[in-house]
Amino acid sequence: MSGYIRHLAIITGSSLGIGAATALLLAKSGANVVITGRNADNVSKICNECTEVSLKGLKALPVVADVTKEEDVDRLLDTTIKTFGKLDILVNNAGIGSRAPITDADYIHKLKAVFDTNLNSVIYLTHKSIQYFEKTKGNIINISSIAGIQSSGGISPYHMSKAALDMFTKCIAVDLGPKGIRVNSVNPGAIRTAIIRDSKMTEQQTQSLWDRVKSRYPVGRCGEPLDIANTVPYLASDHASFITGTIMVADGGHLAANSGGISPYHMSKAA
Ligand code: NDP
């Protein structure tokens with residue numbers, strides 16, 4: 001593969017937020033894109049936008065599907081292969097957040113929903129895709145989170161799902177390297193999307209989150225979907241042909257600035 005032009009990319013959760021920005025960027029760069037999500041209106045809207053901006057005037061393919069349903073994922077892959085005959089890039093992006101302190105009466109139910117969406121669906125779709133990647137020597141990019149690296153209170157299912165996803169990325173990169181298939185992860189910090197609005201935070205909690213982001217992120221702002229989308233064409237291209245099993249953090253410097261401990265100690269260990 002050289003670059004990503006003429007390649008076929010499935011981007012899950014591409015009807016909104018980071019996934020939509022990624023699909024638009026890949027379409028602008030000349031890739032064929034498959035737009036998928038549960039909400040048909042949103043899928044259709046982004047699909048039309050991708051067709052409009054496509055470098056080559058390529059028509060994007062809409063597939064309304066729930067990634068937690070195996071029959072939907074099978075249909076997503078079958079439709080893609082029937083339409084384009086191949087799969088070069090898979091961006092496993094669909095994900096949900098959920099406030100769930102361990103004391104929550106609904107904790108187990110929320111845990112299952114988060115794991116089904118953020119982890120189990122990725123494992124299933126990736127497993128089913130390998131047969132196509134063996135032919136194209138393509139690559140897989142998982143959209144994880146710094147929540148997979150750094151803990152916090154009240155959302156343990158989300159943290160655990162992303163930590164497990166990171167381990168999945170690293171382990172299967174080892175399995176698939178000899179087949180010429182690369183697997184990488186992008187781990188965003190806080191990005192201004194619907195996922196925050198949907199996490200049942202009050203308006204005040206949301207505002208306080210953005211204020212915290214501003215004060216704690218060295219770049220002085222929270223992220224936007226394009227900040228994450230911009231990493232994908234690079235990782236998916238041959239420019240990254242020596243990069244696999246990597247966890248690429250895109251968090252405005254947040255982890256570097258807030259890893260705890262005392263900086264002279266950190267410096268002495270790093271020196
Ligand atoms: P959004 O809520 O804006 O978008 C989520 C997308 O996933 C939508 O297209 C949604 O479509 C889709 N989706 C959710 N559940 C399902 C499902 N069961 N089946 C199919 N599609 C589904 O979120 P973001 O863009 O913010 O999140 C994208 C990824 O980035 C997630 O994996 C998230 O964990 C990660 N991330 C986000 C951060 C942030 O601060 N925003 C920070 C770190 C990581 P629909 O609802 O129509 O199904």
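As the structure is a computational prediction, the values presented were derived from the model and not from experiment. Counting convention: from 1, in listed order, for ligands and their atoms alike.
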Look up atom [atom1] in [X] and atom [atom2] in [Y], then write down how far apart they are to the nearest 0.5 Å.
{"X": "S208", "Y": "E203", "atom1": "OG", "atom2": "CD", "value": "12.5 Å"}
{"X": "T246", "Y": "R182", "atom1": "OG1", "atom2": "CZ", "value": "9.5 Å"}
{"X": "E134", "Y": "L87", "atom1": "CD", "atom2": "CG", "value": "12.0 Å"}

Only distances under 3.5 Å count here; give the side-chain donor-acceptor pairs of residues 37-47 to other protein atoms, sequence neighbours excluded, each with its distance to 0.1 Å.
residue	atom	partner	partner atom	Å
N39	OD1	D41	N	3.0
N39	OD1	N42	N	2.9
K45	NZ	E49	OE2	3.1

For the residue pair [X] and [Y], confirm or rule out a side-chain donor-acceptor distance under 3.5 Å.
{"X": "N184", "Y": "Y234", "value": "no"}
{"X": "S185", "Y": "N187", "value": "yes"}
{"X": "Q150", "Y": "H159", "value": "no"}
{"X": "T80", "Y": "Y132", "value": "no"}
{"X": "Q207", "Y": "D211", "value": "yes"}

Ligand 1 and [X], any nitrogen or oxygen pair closer than 3.5 angstrom?
{"X": "I18", "value": "yes"}
{"X": "T193", "value": "yes"}
{"X": "I191", "value": "yes"}
{"X": "V67", "value": "yes"}

Output the list of atoms in ligand 1 that are nearer than 4.0 Å to some heavy atom of [X], sorted by atom number.
{"X": "N39", "answer": "47 (O)"}
{"X": "L16", "answer": "3 (O), 4 (O), 8 (C), 9 (O)"}
{"X": "T68", "answer": "18 (N)"}
{"X": "G17", "answer": "3 (O), 25 (O)"}
{"X": "A94", "answer": "7 (O), 13 (N), 21 (N), 22 (C), 32 (O)"}
{"X": "T117", "answer": "15 (N)"}
{"X": "S15", "answer": "8 (C), 9 (O), 11 (O), 47 (O)"}
{"X": "A190", "answer": "40 (O)"}

Considering [options] one by one, which has a heavy atom nearer to [atom] than any of the others?
{"atom": "atom 14 (C) of ligand 1", "options": "R38, K69, R192, E224", "answer": "R38"}
{"atom": "atom 23 (O) of ligand 1", "options": "V213, V43, I195", "answer": "I195"}
{"atom": "atom 38 (C) of ligand 1", "options": "S145, G13, G189", "answer": "G189"}

Measure [X] to ligand 1 on non-hydrogen atoms and call it side chain, backbone, both or neither using the 4.0 Å cut-off.
{"X": "P225", "answer": "neither"}
{"X": "S144", "answer": "backbone"}
{"X": "D66", "answer": "both"}

Compute the minimum heavy-atom distance from [X] to ligand 1 and say whether it is under 4.0 Å.
{"X": "A147", "result": "no"}
{"X": "A21", "result": "no"}
{"X": "N42", "result": "no"}
{"X": "K162", "result": "yes"}

Kindly indicate, with the supporting measurements, whether the criterion side-chain hydrogen bond (donor to acceptor under 3.5 Å, both in side chains) is fulfilled by T126 and N92.
CA-CA 8 Å; T126 302; N92 283 310; 3.1 Å; yes
Fellow cluster residues of L24, listed by chain then number, with links counted only when side-chain atoms sit under 4.5 Å apart
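Reading the cluster by chain and number, L24 sits alongside V53.
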Between N230 and L226, is there a donor-acceptor pair closer than 3.5 Å when you use the side chain of the first and the backbone of the second?
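Yes.
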May I have the step-by-step check of side chain to side chain contact (heavy atoms under 4.5 Å, CB included) for V91 and T12, ending in yes or no?
CA-CA 6 Å; V91 184; T12 67; over 6 Å; no
